[in-house]
Amino acid sequence: AQSVTQPDIHITVSEGASLELRCNYSYGATPYLFWYVQSPGQGLQLLLKYFSGDTLVQGIKGFEAEFKRSQSSFNLRKPSVHWSDAAEYFCASGTSSNTGKLIFGQGTTLQVKP
Amino acid sequence: NAGVMQNPRHLVRRRGQEARLRCSPMKGHSHVYWYRQLPEEGLKFMVYLQKENIIDESGMPKERFSAEFPKEGPSILRIQQVVRGDSAAYFCASSPSGVGETQYFGPGTRLLVL
């Protein structure tokens with residue numbers, strides 16, 4: 001069955017430090033992959049997406065992610081974290097073999113230290 | 001261009017009452033997805049609808065839950081005889097078509113069952 005794993009439940013980084021949030025998917029074919037961000041009490045905002053083509057994708061707010069088929073990963077990165085990046089981050093995947101529903105990871109809560 | 005609208009944003013019900021959650025998709029979007037987020041968990045797919053059709057309800061509980069997306073008006077997620085375990089955030093997402101399209105999320109409805 002298709003699944004998405006975010007190994008890190010909580011991550012704390014200092015403001016200005018680099019960030020990498022991990023995401024692994026489990027599916028035989030190439031999935032569609034997304035990263036969403038959720039601030040407390042809010043909905044989900046799309047950061048970036050990968051459908052095909054260039055494996056390094058750029059998103060909003062200075063985020064990028066790299067699709068690595070050999071590692072079944074789609075890690076999210078940011079070179080310099082800002083205090084406003086503190087939020088919960090969700091990785092999600094969809095495939096062409098299902099109806100388009102997304103499978104979400106458990107989420108990673110990012111805390112930013114001043 | 002208004003985003004996905006959900007109302008109410010917060011809903012309090014007593015056990016045994018009915019809860020009705022509404023979702024108006026983005027303009028031009030005819031595909032609606034409902035997801036549920038339990039406390040401290042990621043989002044779980046519930047149901048996928050197009051106008052007047054349920055496409056995939058594989059994530060819906062077998063009893064008490066139903067969804068519709070009529071020709072006119074918003075999509076409705078209905079929970080009958082609510083129980084405490086139904087307390088969660090319910091998110092609606094819409095897309096212009098189904099598979100392979102980005103889903104845009106609403107702000108969610110936080111349901112609390114007393």
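Throughout, a chain's letter reflects where its sequence line sits, starting with A, and its residues are numbered from 1. Values in this document were obtained by computation on a predicted structure and should not be read as measured data.
- When the candidates B:G59, B:G42, B:A89, B:G106 are compared by the number of heavy-atom contacts under 4.5 Å with chain A, B:G42 comes out ahead.
- Counting heavy-atom neighbours within 6.0 Å of A:R77 CZ, excluding the residue itself, gives a total above 12.
- Interface remark: B:Q6 contributes no atoms to any contact with chain A (heavy atom separation under 4.5 Å).
- Within a 6.0 Å sphere centred on CD of B:E63, other residues, nucleotides and ligands contribute 12 heavy atoms or fewer.
- Residues A:L21 and A:L48 share a single hydrophobic cluster, defined by chaining ILVMFWY side chains whose heavy atoms lie under 4.5 Å apart.
- Scanning all heavy atoms of the two residues, the minimum distance from A:K101 to B:S58 falls at NZ-OG, 3.2 Å.
- Atoms CZ and CG, from A:F90 and B:L43 in turn, are 6.0 Å apart once rounded to the nearest 0.5 Å.
- Taking each heavy atom of B:E101 and A:F51 in turn, the nearest pair found is C-CZ, 4.2 Å.
- The ring of A:F104 has its center no closer than 6.0 angstrom to the ring center of B:F45.
- Across every non-hydrogen atom of B:Y35 and A:L102, the tightest pair is OH-N, 3.0 Å.
- The local environment of CE in B:M5 is sparse, with at most 12 non-hydrogen atoms from other residues, nucleotides or ligands closer than 6.0 Å.
- A:Q45 is not listed as a side-chain neighbour of B:Y104, based on a closest heavy-atom distance of 4.5 Å or more.
- In B:Q81, the CD atom is not crowded: 12 or fewer heavy atoms of neighbouring residues, nucleotides or ligands sit closer than 6.0 Å.
- Atom NZ of B:K51 has more than 12 heavy atoms from other residues, nucleotides or ligands within 6.0 Å.
- Looking at every heavy atom in both residues, A:L44 comes nearest to B:F105 through O-CB, 3.7 Å.
- Closest non-hydrogen pair, B:Q103 versus A:Y36, comes out as O-OH, 2.7 Å.
- A:L56 and A:W35 fall into different hydrophobic clusters, defined by Ile, Leu, Val, Met, Phe, Trp and Tyr side-chain heavy atoms under 4.5 Å apart, directly or through other members.
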